[in-house]
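From a predicted model like this one, the values you see are computed outputs, not experimental measurements. Counting starts at 1 for both ligands and their atoms, following the listed order. The residues of the chain are indexed from 1 along the displayed sequence.
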Amino acid sequence: MINLLVVGTIAYDSIETPFGKAADVLGGSALYFANAASFFADVGVVASVGQDFDLSEIAFLKDRNVDVMGISVDEGRTFRWEGRYGYDLNQAITLKTELNVIEQFRPKVPDDYLDADFVFLANIDPELQSHVIDQTKRDATIVLDTMNFWIENKLPALMDVIKRVDMIVVNESEIREITGEYSLVKGAKRLMEMGPHYIIVKRGEYGVLMAAQDELFLTPAYPLEDVFDPTGAGDTFAGGFMGYLANIGDVSPETIKQAIVMGSVMASFNVEDFGINRIKRLAYNEIRERYTAFKRCIHFSDIELR
Ligand code: AMP
């Protein structure tokens with residue numbers, strides 16, 4: 001039985017960073033997410049790929065206990081994204097988005113996934129995200145991600161879905177674009193007025209800011225010597241974050257803070273190699289070691305003020 005459902009894209013990405021380039025590599029928001037979350041939870045994926053997609057490329061997900069029954073092979077070509085990063089690795093520049101099969105996609109949540117307590121609406125058309133909420137159980141914890149493409153092309157549908165979710169995970173340029181507020185704290189307040197209780201703002205190498213009604217929480221990103229490819233860092237963060245929540249099974253503020261740290265640990269691995277490669281070969285022991293190193297970086301003994 002799965003306890004964490006994700007709907008999003010499975011893609012062929014063409015990526016250029018200052019350190020290399022690759023064409024038609026496996027990617028997509030749902031794939032990055034599931035790959036990371038599978039270390040902590042039983043994940044089910046709802047996504048659409050085209051007839052050009054080579055299913056053997058995602059066979060490794062089954063070894064990770066990811067349920068792929070919800071992936072449909074549909075008529076047309078697989079979703080494609082082309083992006084470039086300059087030396088500011090925090091900001092992806094989208095060169096091309098080809099929706100392809102996503103244009104006709106109507107996600108159907110398999111019966112086996114309907115009891116999932118945790119649902120991640122990864123980056124995809126907000127109309128499809130709403131259609132998934134219609135099918136999930138009432139008390140599920142629903143977390144939303146999006147991207148400038150949808151903010152610019154489907155804002156009314158995005159606003160409708162924001163009202164229906166418990167938490168939002170967005171990056172800092174996206175929250176500014178959605179709310180029109182430069183201040184992340186004010187932007188988070190605007191989003192909370194619409195319904196969600198937790199707003200999690202991803203700030204690339206500067207870490208994460210979480211805002212809730214009565215709290216603010218911050219973590220830096222793990223300071224790596226080399227960052228190779230930031231593609232999918234946001235989805236990998238979300239995979240570690242929600243995988244941890246689903247594993248612990250609660251959404252108390254303290255668990256949410258721990259989940260943010262675990263998401264940050266997972267994202268730190270993702271950027272060390274192209275595409276999904278690093279998380280694909282990741283071992284659980286490495287997660288433990290990086291968590292310990294991460295904790296050491298942000299821990300200090302209490303200061304006694306007179
Ligand atoms: P991230 O770097 O975590 O924001 O996500 C990168 C992944 O998002 C890539 O693998 C892309 O295939 C996927 N992606 C890019 N644009 C979109 C879009 N408009 N909708 C859904 N997924 C997208």
Next item on the list: Would you confirm whether Glu272, through its side chain, and Asp226, through its main-chain N or O, come within 3.5 Å as a donor-acceptor pair?
Entry: no
Next item on the list: For ligand 1, note which part of Ala122 has a heavy atom under 4.0 Å away: side chain, backbone, both or neither.
Entry: neither
Margin query: Check this for me - ligand 1, Phe79, N or O atoms closer than 3.5 angstrom, yes or no?
Written below: no
Note to self: When you compare ligand 1 with Thr97, is there at least one nitrogen or oxygen pair between them that comes in under 3.5 angstrom?
What the structure shows: no
Margin query: Under a plain distance cut-off of 3.5 Å, with no hydrogens placed, do Arg203 and Asn90 share a side-chain donor-acceptor pair?
Written below: no
Note to self: Starting from Val43, can I reach Met1 by hopping between I/L/V/M/F/W/Y residues whose side chains sit under 4.5 Å apart?
What the structure shows: no
Notebook entry, point to check: What atoms of ligand 1 come within less than 4.0 Å of a heavy atom belonging to Asn123?
Noted result: 14 (N), 17 (C), 18 (C), 20 (N), 21 (C), 22 (N), 23 (C)
Checklist line | Sub-3.5 Å N/O-N/O distance, Thr231 and ligand 1 | finding: no
Note to self: Distance under 4.0 Å to a non-hydrogen atom of Gly234: what atoms of ligand 1 satisfy this?
What the structure shows: 3 (O)
Check: Going by distance only, is there an N or O of Asp235 that falls short of 3.5 Å from an N or O of ligand 1?
Finding: yes
Check: Is there at least one pair of N or O atoms, one from Phe149 and one from ligand 1, spaced under 3.5 Å apart?
Finding: no
Notebook entry, point to check: Is atom CZ of Phe217 surrounded by more than 12 heavy atoms (other residues, nucleotides or ligands) closer than 6.0 Å?
Noted result: yes
Note to self: For Asp67 and Tyr113, which I'm curious about, is there any donor-acceptor pair between the side chains at under 3.5 Å?
What the structure shows: yes
Check: Less than 6.0 Å separating the ring centroids of Phe269 and Tyr222?
Finding: no
Margin query: At less than 4.0 angstrom from any non-hydrogen atom of Tyr32, what atoms of ligand 1 do you find?
Written below: 10 (O)
Margin query: Just checking Gln258: does its CD atom have more than 12 heavy atoms from other residues, nucleotides or ligands closer to it than 6.0 angstrom?
Written below: yes
Note to self: Here's one to test your reading of the geometry: is the NZ or CZ of Lys202 within 45 degrees of the ring axis of Phe237 and under 6.0 Å from its centre?
What the structure shows: no
Next item on the list: Note the single closest protein heavy atom to atom 22 (N) of ligand 1, along with its residue, its atom name and the distance in Å.
Entry: Thr9 OG1, 3.1 Å
Check: Using 4.0 Å as the upper bound for N to carboxylate O, is an ion pair formed by Glu193 and Lys189?
Finding: no
Item checked: ligand 1 contacted by Trp150 (non-hydrogen, < 4.0 Å) -> yes
Checklist line | Lys/Arg N to Asp/Glu carboxylate O, Arg164 vs Asp134, below 4.0 Å | finding: yes
Check: So is Gly28 polar-close to ligand 1, meaning N/O to N/O under 3.5 Å?
Finding: yes
Next item on the list: Inspect the surroundings of CG in Asp139 and state if more than 12 heavy atoms from other residues, nucleotides or ligands are less than 6.0 Å away.
Entry: yes
Check: For Asp13, is at least one N or O under 3.5 Å away from an N or O on ligand 1?
Finding: yes
Check: To the nearest 0.1 Å, how far is atom 2 (O) of ligand 1 from its closest protein heavy atom, and which atom is that?
Finding: Gly232 N, 2.7 Å
Check: Under 4.0 Å from any heavy atom of Ala11, which atoms of ligand 1 are there?
Finding: 12 (O)
Check: At a 4.0 Å threshold, what atoms of ligand 1 neighbour a non-hydrogen atom of Gly27?
Finding: 10 (O)
Item checked: atom 16 (N) of ligand 1 [closest protein heavy-atom partner, distance rounded to 0.1 Å] -> Met147 SD, 3.2 Å
